[in-house]
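Below is one structure, written out as C-alpha cells; the observations come after it.
Note that the coordinates shown come from a computational prediction; the quantities given were computed from them, not determined experimentally. Reckoned from all heavy atoms, side chains included, excluding hydrogens, waters and symmetry mates.
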Number of protein chains: 2
Amino acid sequence: MTADEERITVAQMSAETGVTAHTLRYYERAGLIRPVARNSGGHRRYSRADVAWVSFLLRLRETGMPIAQMREYAALRERGPITIQPRLELLEEHQARLREQLARMRAHDKALSAKIALYRDDRGQAQTHDEEQDR
Amino acid sequence: MTADEERITVAQMSAETGVTAHTLRYYERAGLIRPVARNSGGHRRYSRADVAWVSFLLRLRETGMPIAQMREYAALRERGPITIQPRLELLEEHQARLREQLARMRAHDKALSAKIALYRDDRGQAQTHDEEQDR
DNA sequence: CTAGAAGTTAGAGCACGCTCGAAGTCAACC
DNA sequence: GGTTGACTTCGAGCGTGCTCTAACTTCTAG
C-alpha cells in the first residue's frame with residue numbers, strides 16, 4: 001500500500017534504538033513487537049513504524065512499566081482503534097504512577113542533600129550524626 | 001554507655017521499616033547491616049540507631065543504588081569517621097545519578113502527556129497517529 | 001509447666017529482564 | 001561460486017534482589 005518501503009535490518013534497528021539484536025528478538029517473542037516482516041531469506045526487515053514503536057516501548061520500560069503490562073498494551077494496539085479508550089486508561093494510570101515515583105525521587109534528592117550537607121560540615125573534624133553513632 | 005537501651009525485635013523492626021524479617025536478615029548477611037546485637041537466646045535486638053540506618057539504606061535502594069555499592073558504603077561507615085570524605089564522594093556521585101534519573105523521568109512524563117493528549121483527541125473518532133499505523 | 005507464637009540458620013528457589021551459545025542459513029562482495 | 005559476516009531459532013544461563021522452606025530453638029502467656 002504505502003509507496004516508500006524503507007526497511008532496515010536487525011543490526012540497523014539495534015543501532016537506532018540502542019537495544020541489542022538479541023533483545024529485539026526477545027521483545028518479539030515476548031509479544032511486545034508483532035511479528036516483524038521478513039525478506040525472502042527469512043531475515044527481519046524492520047519498518048520505520050517499528051522504530052517508532054520500539055522507541056515508545058523503551059519509554060515505558062525506562063519509566064518502570066513491567067514487560068507484562070507492555071504486552072497488554074501491545075495486545076490492545078493489535079486490536080485496532082476500538083481499543084483507544086482502554087489504552088488511554090492504561091497510559092493515564094502509568095503516568096500517575098510515574099508522577100508518584102517522581103515525587104518520591106524528589107524527596108529522596110532533598111534528603112540526600114541534607115545528608116551531604118551534614119557530611120560536608122563533618123569533613124576533617126571527626127564528628128558523627130544520625131545513624132552514624134557506634135552502638 | 002548510653003543509658004536508654006531501647007531494643008526491638010525483628011518483627012518490630014520490620015513493622016517500623018516496612019522491610020520483611022527475611023529481608024532484614026538478608027541485608028545483614030549481605031553486609032549492609034553490621035551484625036545485630038542478640039539477647040541471651042540468640043534473638044536479634046535492634047537498636048534505634050539500626051532503625052535509622054536501615055531507613056537510610058532504603059533511601060539508597062529506592063533511588064536505585066545497587067546492593068554492592070550500599071555494601072561499600074556500609075563498609076566505609078564501619079571504618080569510622082576517617083572515611084567521611086570517601087562516603088561524601090559516594091553520596092555526591094549517587095545524587096548526581098539520581099538527578100540525571102529525575103531529568104529523564106521528567107522528560108518521559110512530558111512525552112507521555114503528549115501521547116495521552118493525542119489519544120484523548122482520537123477517542124471515539126477512529127484515528128491513528130505515530131506508531132499506530134498498521135504496517 | 002506447657003502450648004503456640006516467634007525467632008534462628010543454611011540453603012534452595014523464584015521473578016524479572018535480559019544475554020548468550022550453538023548450530024545452522026543467508027547475504028554480499030570479490 | 002566461494003568466503004566472510006550477518007542473521008536465524010531454540011533453549012540454556014545469568015545477575016539482581018529478594019523470598020521461602022525446613023528443621024530447630026527460644027520466648028511468652030496462661
For B/Glu28 and D/dG17, give me the distance from atom CD to atom P, rounded to whole Å. 18 Å
How far apart are the closest heavy atoms of A/Leu102 and B/Arg106, and which atoms are they? CD2-CG, 3.9 Å
Figure out the CZ/C1' separation between B/Arg7 and C/dG7, and round it to whole Å. 17 Å
Nearest whole angstrom, please: distance from the C1' of C/dA6 to the CG of B/Leu24. 15 Å
Which is true for A/Arg61 with a 4.0 Å heavy-atom rule: it touches a base, it touches only sugar-phosphate, or it touches nothing? sugar-phosphate
Within the structure shown, what part of the strands sits under 4.0 Å from B/Thr20 by heavy-atom distance: base, sugar-phosphate, or nothing? nothing
Taking OP1 and OP2 of C/dG7, is either one under 4.0 Å from a side-chain nitrogen or oxygen of B/Thr9? yes
A/Leu58 and A/Thr17 have their tightest heavy-atom pair at CD1-O, 3.5 Å
Measure across B/Ser113 and A/Gln95 and return the closest heavy-atom pair with its distance rounded to 0.1 Å. OG-NE2, 2.7 Å
Between A/Ser47 and A/Asp50, is there a donor-acceptor pair closer than 3.5 Å when you use the side chain of the first and the backbone of the second? yes
Would you call B/Glu16 and B/Arg48 a salt bridge, using N to O less than 4.0 angstrom? yes
Any B/Tyr27 side-chain N or O less than 4.0 Å from OP1/OP2 of D/dG17: no
Whole Å only: how far is the OH atom of A/Tyr46 from the P atom of D/dC7? 10 Å
Is it the case that the side chain of A/Thr83 and the backbone of A/Pro86 share a donor-acceptor pair, with hydrogens and angles ignored and the cut-off at 3.5 Å? no
Rounded to whole angstrom units, what separation is found between the CZ atom of B/Arg38 and the P atom of D/dC27? 12 Å
Taking CE from A/Met70 and C1' from C/dC18, how many angstroms apart are they, rounded to a whole number? 12 Å
Length of the line joining A/Ile67:CD1 and C/dT19:P, which is rounded to integer Å: 11 Å
B/Gln12 CD to C/dA6 P, straight-line distance once rounded to whole Å: 11 Å
Taking for A/Tyr26 and for B/Arg25 the nucleotide of DNA chain C with the nearest heavy atom, the one nearer the 5' end belongs to B/Arg25
Letter per nucleotide, 5' to 3', of nucleotides 20-28 of chain C [B base touched, S only sugar-phosphate touched, - untouched; heavy atoms, 4.0 Å]: BB----SS-
Describe the nucleic acid contact of B/Arg44 in one word from base, sugar-phosphate, nothing, applying a heavy-atom distance below 4.0 Å. sugar-phosphate
For the student: nearest non-hydrogen atoms of A/Phe56 and A/Leu91, plus distance: CZ-CD2, 4.0 Å
